[in-house]
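Treat the numbers as computed from the prediction; the structure is a model and nothing was measured. Whatever order the structure lists them in is the order used to number ligands and atoms, beginning at 1.
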Amino acid sequence: MPLPYSEIVMEHFRHPRNVGRIEDADAKAIEGSPACGDMVAVYLKVDPEALRITDVKFESYGCASNIATGSIITELAKGQTLEEAKEISWKQASEALGGLPPIKTHCSVLAVDGLRAAIQNYEERHGLVKERVPTTIGVIRKRLKRVMNPMTGLDLVRTKIVKDIELNEGRVRVAIDLPADHQFAANIREEIREKIEPLWDVRKVVVEFTE
Ligand code: FES
């Protein structure tokens, strides 16, 4: 039985706004949903003086609800300051879309998490993080929970391929239980580095493959 989507959801799904990537983005984030294994990427251009979002685009590997939410929140975020855009919630997005079926809540949460992660990425890359909490193994593990294992659609931690994490004076070493010549090894390494390197007190990230 088809899900009861509103007209607005269907319109944004069929004609999503701001789809694509920004090649010279000032910040970007890829977020995965633990609920369904789908992913969303969000790219930002930011006016560094006003800290205002001048352009935002997204790529969705998710469902109609995710695409429609990505479309509506990028519309809402464009022209807003980073602080304003941080306040956009999945509830607000869902209301703007005329409601989403409850079973699809995680899809709009994923899109909003993607936007927030891109904003966080900008702040980390530009020294704008206000609370400089020292990085711990726990913080790194939490970030690795946001990197998908493309073989399963679940995150690296849940699929138990993170074998070891070391942290020593800003140097991070992550051991992944995969052969170095595995088809997804380069991609996983890049995503781990993208998630960990922006941490304010991290100087180097080394990803090792164990087999
Ligand atoms: Fe995965 Fe909607 S089911 S994003």
Using a strict 4.0 Å cut-off to heavy atoms of [X], name the atoms of ligand 1 that fall inside it.
X	value
N66	4 (S)
K104	2 (Fe), 3 (S)
D38	1 (Fe), 3 (S), 4 (S)
C36	1 (Fe), 3 (S), 4 (S)

Backbone or side-chain N/O/S of H106 under 2.8 Å of atom 2 (Fe) of ligand 1: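 So H106 does not bind atom 2 (Fe) of ligand 1 by this criterion.
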
N, O or S from C63 under 2.8 Å to atom 2 (Fe) of ligand 1: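 Given the 2.8 Å cut-off, C63 counts as a ligand of atom 2 (Fe) of ligand 1.
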
Nearest non-hydrogen partners of G98 and I8, listed with the distance: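 Minimum heavy-atom contact is N-CD1, 4.0 Å.
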
Side chains of E191 and L156 in contact at under 4.5 Å (non-hydrogen atoms): no

Mutual orientation of the aromatic rings belonging to F184 and H182 [parallel < 30°, tilted 30-60°, perpendicular > 60°]: tilted

Flag for D201-T135: side-chain donor and acceptor within less than 3.5 Å: yes

Sidechain N-carboxylate O distance under 4.0 Å for D24, K45: yes

